[in-house]
Student: 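Mind looking over this structure? Questions follow.
All values below were derived from every heavy atom in this structure, side-chain atoms included, with hydrogens, water molecules and symmetry-related copies excluded. Each chain gets a letter, A, B and so on, in the order its sequence line appears, and its residues count up from 1. What you see is a predicted model, and the numbers here were worked out from it, not measured in a lab.
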Amino acid sequence: MIIDIHAHFPFGDYTRPEDLAVFLRRAGRFNVDRLCLSGNVVRYGFSPTARQVREINRWTLQAMVRHPEKIIGLCFINPAAGADAARREADWAITRNGFRGIKLLVSVNCRDHRLDPILTKAAELGVPVLQHSSYNTLGPASPNESTPADVADLAGRFPSVPIIMAHLGHARLQGLSEVAPHRNVLIDMSGSQPARGLLEQAVRRLGARRVVFGTDLPIRDYASVLGRLYEAPLTDRQRRLILGQNAARLLRLAPP
Amino acid sequence: MIIDVNTAVGRWPFSEAQSLTPPQLSSLLARAGVDLALTSSLEAVFHEDPDEDNRRLFRQLRGYERLFPVPIINARLAGATGLGCLRPVQSLRIGLRRPRPMPPAVKILPSYHSYSLAGANVAALAAELAERRLPLLVQMRMEDERVQSPAFRVPPVPVDEVVALARRNPGLSIVALGTYVAEAVTLLRQTPQVRVEVSFLDGLDVVGTLVRKNRAYARRLLLGSHSPLFYAQSAVLKVQTAEITAAVRQAILGENARKMLGL
């Protein structure tokens with residue numbers, strides 16, 4: 001089973017409901033079985049209102065309803081919109097509508113305790129959190145963007161919550177070292193270009209059970225991200241873990 | 001035939017994994033299905049005078065018929081143009097049945113060697129290459145600027161400079177290596193002859209998307225992997241899995257490059 005843990009729809013040039021078919025056709029071309037969608041998380045800038053967050057998540061829900069066998073929803077939450085709004089959104093999405101995880105972006109840094117109610121909720125519901133992160137030589141994308149060191153801080157505060165740190169391509173070796181001691185942190189393969197050696201380092205430093213396949217579709221494509229996995233000198237067992245077994249475990253999916 | 005127009009051998013100082021010898025590069029390209037590759041020296045990226053690196057490259061690549069040596073020229077150096085800069089490759093056998101008197105192309109890295117494409121030396125080099133019908137490979141960037149070492153930040157080549165160079169030299173064949181999508185579209189739209197390769201292009205079916213945008217672009221897209229800095233299979237898969245016709249696929253994978261190189 002191949003699971004893409006990190007995809008966005010609608011996004012960029014793909015904004016009509018029927019454009020989802022383009023995503024699914026592309027996924028099918030690479031034998032990707034399931035896509036974890038978290039909507040257009042920048043549709044209203046980096047800090048949307050609770051109402052805007054709901055609209056973003058409704059798009060994801062529509063995709064889940066239309067393609068229940070393919071689409072898994074991750075509930076986007078803006079921690080800056082307040083703890084009550086965050087809890088309401090998680091209940092609406094996860095408890096009532098079957099979303100299987102939480103997606104956090106850049107409005108609030110991981111060291112900020114406004115994230116605590118959300119991580120507490122994730123622990124209560126038993127779902128993972130997909131957290132944006134980046135080391136960017138040109139400077140952060142937003143003032144509160146989290147680095148891997150910030151993600152490590154969050155992971156230390158909530159050791160029982162699985163945190164998928166997005167963007168191996170932006171973590172660098174420094175970021176891998178920073179999250180390595182935190183066993184609840186996994187990393188997804190997306191981010192930047194297919195730089196040789198990073199994936200092998202992720203497997204060496206974190207172990208194959210802590211690396212998950214994710215693309216950031218449609219910003220990145222399956223060709224670019226899967227090319228890394230196919231060419232890296234890994235065992236078949238390691239590839240299976242990364243491609244889907246780790247994500248299936250986190251998302252509590254039944255084995256195929 | 002699959003031709004990769006953007007590869008290198010040697011040591012990349014920021015990562016051991018991105019430093020490959022000729023046999024290692026030849027082997028991984030073979031696994032990716034690449035038949036021929038244009039190959040330069042990674043050391044030459046950092047040396048003010050790449051002459052010794054070019055000579056070593058040509059020696060190292062003897063016996064590796066998959067790898068065509070491409071010299072890197074620092075156009076900022078006085079005397080970098082003219083026959084002198086091409087001498088190292090004369091009389092070398094580079095994978096063809098008969099020795100070629102010239103390299104298949106010449107590569108420049110204006111950002112790493114600190115010069116503008118608007119300078120007089122570049123104009124002289126461009127004129128000479130056009131006369132010899134040798135393509136000029138312009139390395140726009142070596143890395144995503146966002147993940148460069150904070151202590152070693154190198155800006156990309158301004159795309160406007162490439163457009164201007166192409167317009168001043170309509171007879172010169174130019175390949176822009178390492179463009180992002182927006183830069184590639186600018187070059188494809190604003191010049192009639194600049195080609196781009198796929199190594200830094202990304203996004204959902206980026207190759208198919210570009211070809212659907214303008215079918216004429218298909219003749220100016222080339223396979224380039226940027227190996228060993230990038231995984232070769234990422235580039236090959238972008239073309240092999242694109243929603244394009246078989247003929248267009250073959251053109252991008254190798255036929256466009258074969259024609260450009262006169263092979």
Student: Please check if the side chain of A/Thr137 supplies one atom and the backbone of B/Ser149 the other of a donor-acceptor pair under 3.5 Å.
Tutor: no
Student: So how far is it from A/Arg196 CZ to B/Ser19 OG, rounded to the nearest 0.5 Å?
Tutor: 10.5 Å
Student: So A/Leu138 and B/Arg153, do their side chains get closer than 4.5 Å, heavy atoms only?
Tutor: yes
Student: Can you tell me if A/Arg209 has over 12 outside heavy atoms packed within less than 6.0 Å of its CZ?
Tutor: no
Student: Any side-chain heavy-atom pair from B/Val206 and A/Asp221 closer than 4.5 angstrom?
Tutor: no
Student: Rounded to the nearest 0.5 Å, how far apart are CZ of A/Phe11 and CG of B/Leu204?
Tutor: 12.0 Å
Student: Go through the atoms of B/Tyr180 and report whether side chain, backbone, both or neither lie under 4.5 Å from a heavy atom of chain A.
Tutor: side chain
Student: State whether the number of non-hydrogen atoms from other residues, nucleotides or ligands found under 6.0 Å of B/Asn214 atom CG is greater than 12.
Tutor: yes
Student: Between B/Pro150, B/Gly208, B/Ser15, who has the most heavy-atom pairs with chain A when the cutoff is under 4.5 Å?
Tutor: B/Pro150
Student: Evaluate salt bridge (charged side-chain N to carboxylate O under 4.0 Å, His left out) for A/Arg25 paired with B/Glu243, printing each intermediate quantity in order.
Tutor: CA-CA 10 Å; A/Arg25 193 167 67 239; B/Glu243 288 196 21; 2.8 Å; yes
Student: Please name the pair of heavy atoms, one in B/Val147 and one in A/Arg172, separated by the smallest distance, quoted to 0.1 Å.
Tutor: CA-NH2, 3.2 Å
Student: Which one of A/Val225, A/Ile219, A/Leu173, A/Leu226 has the most heavy-atom pairs closer than 4.5 Å to chain B?
Tutor: A/Ile219
Student: For the atom pair CD (B/Glu143) and OG (A/Ser192), what is the distance rounded to the nearest 0.5 Å?
Tutor: 9.0 Å
Student: Counting heavy-atom pairs under 4.5 Å with chain A, which one of B/Gly203, B/Ala32, B/Pro228 comes out on top?
Tutor: B/Gly203
Student: CZ/A/Phe30 to CG/B/Leu237 distance, rounded to the nearest 0.5 angstrom?
Tutor: 5.5 Å
Student: Sort out for me which of B/Ala242, B/Ala235, B/Ala232 touches chain A most, counting heavy-atom pairs under 4.5 Å.
Tutor: B/Ala232
Student: Measure the spacing between CG of A/Asn136 and CG of B/Asp144 and express it to the nearest 0.5 Å.
Tutor: 8.0 Å
Student: Nearest 0.5 Å, what's the CD-CG distance between A/Gln193 and B/Leu229?
Tutor: 11.0 Å
Student: Please determine, among B/Glu145, B/His226, B/Gln240, the option with the most heavy-atom pairs under 4.5 Å with chain A.
Tutor: B/Glu145
Student: Can you tell me if CZ on A/Arg239 sees more than 12 non-hydrogen neighbours from other groups inside 6.0 Å?
Tutor: yes
Student: Looking only at atom types and distance, does a side-chain atom of A/Tyr222 sit under 3.5 Å from a main-chain N or O of B/Lys238, one as donor and one as acceptor?
Tutor: no
Student: Heavy atoms only: give me the nearest A/Gly197-B/Tyr231 pair and the separation to one decimal.
Tutor: N-OH, 2.9 Å
Student: Is it the case that over 12 heavy atoms from other parts of the model lie below 6.0 angstrom from the CZ atom of B/Arg212?
Tutor: yes
Student: Counting only heavy atoms closer than 4.5 Å, note whether A/Arg26 contacts chain B via side chain, backbone, both or neither.
Tutor: side chain
Student: Top residue by heavy-atom pair count (under 4.5 Å) with chain A, among B/Val181, B/Thr209, B/Asp202, B/Val236?
Tutor: B/Asp202
Student: Going by side chain to side chain contact (heavy atoms under 4.5 Å, CB included), A/Pro194 matches just one of B/Ser227, B/Ser234, B/Ser199, B/Ser225. Which one?
Tutor: B/Ser234
Student: Given that the side chain runs from C-beta out, which part of A/Tyr14 has a heavy atom under 4.5 Å from chain B: side chain, backbone, both or neither?
Tutor: side chain
Student: For a 4.5 angstrom cut-off between non-hydrogen side-chain atoms, does A/Glu231 reach B/Phe230?
Tutor: no
